[in-house]
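Only one structure is covered here, and it is reproduced in the block below.
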Amino acid sequence: VVRLLIVPTIPQGQIDQGLHPDRLQLESLFAQDLQTHLDMHKALGIRATVEPPDYIGVSVQAQVYLLPQYRHPLARERLSALLTTRLYQFLNPITGGIEQQGWPLGRSVQASDIIAQLQQIPEVHSVGQVQLLKSQRYRHRDLTGWMQLPTPLAKIDLGPVQTLTSWHEPGEISLASGHRILFLDL
């Protein structure tokens, strides 16, 4: 069995608030055309499937210490938006990862990865505690959706066909999606 895992492309301007996994599903016509092409060109006895990877959601809670000149409310508001956008881009199946080529399949994310990203911002003095919250799809009878596991983690392990995504849903009550930056004074 050969599984061809496809992550669709999304225009760059549409990912500043992350990518909900529902936006990353394959268009059925594209998937059918690709499946037909694979079926025509595969070796006999090989079964090939076209599907998306398994997406795992990640929300970050981070404590950030700013340099003294950036501790006023306007700077904090601007930096909060900058830092969360950086996290949405980093924890992303298309633009994410250290090489910014999409989060690699099966690569775990650790709090240290987040610290390294946040410390690249010149206004950041240092980063305190970082917690990762994992979200995963659930299916129960006719219901499907996303649930966030209640325990914060320092590392989220991924399986070989899993990749990360993060998103913000303003009206989403059942899932605390999005990243939270808490600014602290030294």
Side-chain angles (χ1 to χ4, degrees), residues 7 9-24 53-136 146-159 162-186:
V7 176
T9 58
I10 305 281
Q12 176 68 29
Q14 296 182 18
I15 61 173
D16 286 349
Q17 292 298 307
L19 284 172
H20 192 287
D22 292 346
R23 291 183 52 205
L24 294 165
D54 294 331
Y55 294 106
I56 299 296
V58 178
S59 295
V60 173
Q61 294 179 355
Q63 298 174 339
V64 174
Y65 297 91
L66 299 176
L67 293 171
Q69 62 267 36
Y70 300 106
R71 292 187 188 150
H72 55 86
L74 288 176
R76 287 182 181 209
E77 185 177 329
R78 180 184 65 81
L79 288 168
S80 179
L82 177 69
L83 294 171
T84 54
T85 298
R86 165 79 56 119
L87 292 174
Y88 288 123
Q89 291 170 347
F90 181 65
L91 299 169
N92 184 297
I94 299 169
T95 63
I98 294 169
E99 297 176 7
Q100 300 176 348
Q101 297 294 314
W103 195 268
L105 290 173
R107 185 190 183 282
S108 300
V109 61
Q110 299 183 42
S112 61
D113 297 324
I114 304 304
I115 292 169
Q117 287 299 307
L118 297 178
Q119 287 182 329
Q120 290 178 18
I121 306 297
E123 296 89 343
V124 172
H125 177 275
S126 58
V127 178
Q129 184 178 25
V130 171
Q131 295 179 329
L132 307 174
L133 295 163
K134 179 179 179 179
S135 299
Q136 59 191 34
W146 287 85
M147 67 176 185
Q148 189 173 73
L149 303 182
T151 306
L153 305 166
K155 177 181 180 183
I156 295 177
D157 290 315
L158 298 181
Q162 293 178 324
T163 189
L164 294 179
T165 190
S166 63
W167 66 93
H168 175 67
E169 293 289 328
E172 198 167 39
I173 297 169
S174 62
L175 177 67
S177 64
H179 306 302
R180 287 163 205 60
I181 305 295
L182 174 63
F183 293 113
L184 301 174
D185 293 328
L186 291 172

Starting at NZ of K155, measure out to CG of D157 and round the result to the nearest 0.5 Å.
4.5 Å
Any L66 side-chain heavy atom under 4.5 Å of L186 side chain
no
Over 12 non-hydrogen atoms of neighbours within 6.0 angstrom of CD in Q120
yes
Which atom pair, heavy atoms only, marks the closest approach of H179 to V58?
CE1-O, 3.5 Å
Do the non-hydrogen side-chain atoms of I115 and L118 ever get within less than 4.5 Å of each other?
no
Is a donor on one side and an acceptor on the other found under 3.5 Å between the side chain of T95 and the backbone of N92?
no
Please answer whether the main-chain N or O of R71 pairs with a side-chain N or O of R76 as donor and acceptor at a distance below 3.5 Å.
yes
Which atom of Y88 lies closest to which atom of S166, heavy atoms considered:
CD2-OG, 3.3 Å
Surrounding CD of Q69 (heavy atoms of other residues, nucleotides or ligands, distance under 6.0 Å), is the total greater than 12?
yes
Roughly how far, to the nearest 0.5 Å, is the NE2 atom of H125 from the CG atom of D185?
12.0 Å
Strictly by ring-ring contact (aromatic ring centres under 6.0 Å, His included), give each pair with a member in residues 54-79 just once, sequence neighbours left out.
none
Nearest heavy atoms of V109 and L132, plus distance in Å:
O-CD1, 3.7 Å
Side-chain donor or acceptor of T165 paired with backbone N/O of P93 under 3.5 Å
no
Trace of the side-chain contact (heavy atoms from CB on, under 4.5 Å) decision for Q61 with L133:
CA-CA 8 Å; Q61 294 179 355; L133 295 163; 3.3 Å; yes
So which heavy atom on P122 is nearest to which on L67, and how close?
O-CD1, 3.4 Å
If I compare all heavy atoms of T163 with all of P104, which pair ends up nearest, and what's the gap?
OG1-O, 4.3 Å
Enter the distance from S59:OG to H168:NE2 here, rounded to the nearest 0.5 Å.
10.5 Å
Is there side-chain contact between L24 and I94, with heavy atoms separated by less than 4.5 Å?
yes
Go through the steps for V64 and L182 under the test side-chain contact (heavy atoms from CB on, under 4.5 Å), then give the verdict.
CA-CA 6 Å; V64 174; L182 174 63; over 6 Å; no
Step by step, would you call D113 with R86 a salt bridge (Lys or Arg N to Asp or Glu O under 4.0 Å)?
CA-CA 12 Å; D113 297 324; R86 165 79 56 119; over 6 Å; no
Donor-acceptor contact below 3.5 Å, side chain Q117 vs main chain I114:
no
Taking all atoms of both residues into account, what is the closest heavy-atom pair of W103 and F90, and its distance?
CE3-O, 3.3 Å
Say you draw a straight line from CZ of R107 to CD of Q162; how long is it, rounded to the nearest 0.5 Å?
14.5 Å
Just wondering, do L153 and I156 contact through their side chains at under 4.5 Å, heavy atoms?
yes
Applying side-chain contact (heavy atoms from CB on, under 4.5 Å) to T85 and Q89, what does each step give before you reach the verdict?
CA-CA 6 Å; T85 298; Q89 291 170 347; 3.7 Å; yes
Rounding to 0.5 Å, atoms NE2 (H20) and CH2 (W146) come to a distance of 7.0 Å
Decide yes or no for L164 and K134: does some side-chain heavy atom of the first lie under 4.5 Å from some side-chain heavy atom of the second?
no
Residues in salt bridge (Lys or Arg N to Asp or Glu O under 4.0 Å) contact with D54, at least two apart in sequence or another chain
none
Evaluate the side-chain contact (heavy atoms from CB on, under 4.5 Å) criterion for residues V124 and L83: first the C-alpha distance (whole Å), next the side-chain angles of each, then the deciding distance (0.1 Å), finally the verdict.
CA-CA 10 Å; V124 172; L83 294 171; 4.2 Å; yes
Look up atom OG in S80 and atom CZ in R180, then write down how far apart they are to the nearest 0.5 Å.
11.0 Å
Atom CD of Q136 with >12 non-hydrogen neighbours under 6.0 angstrom
yes
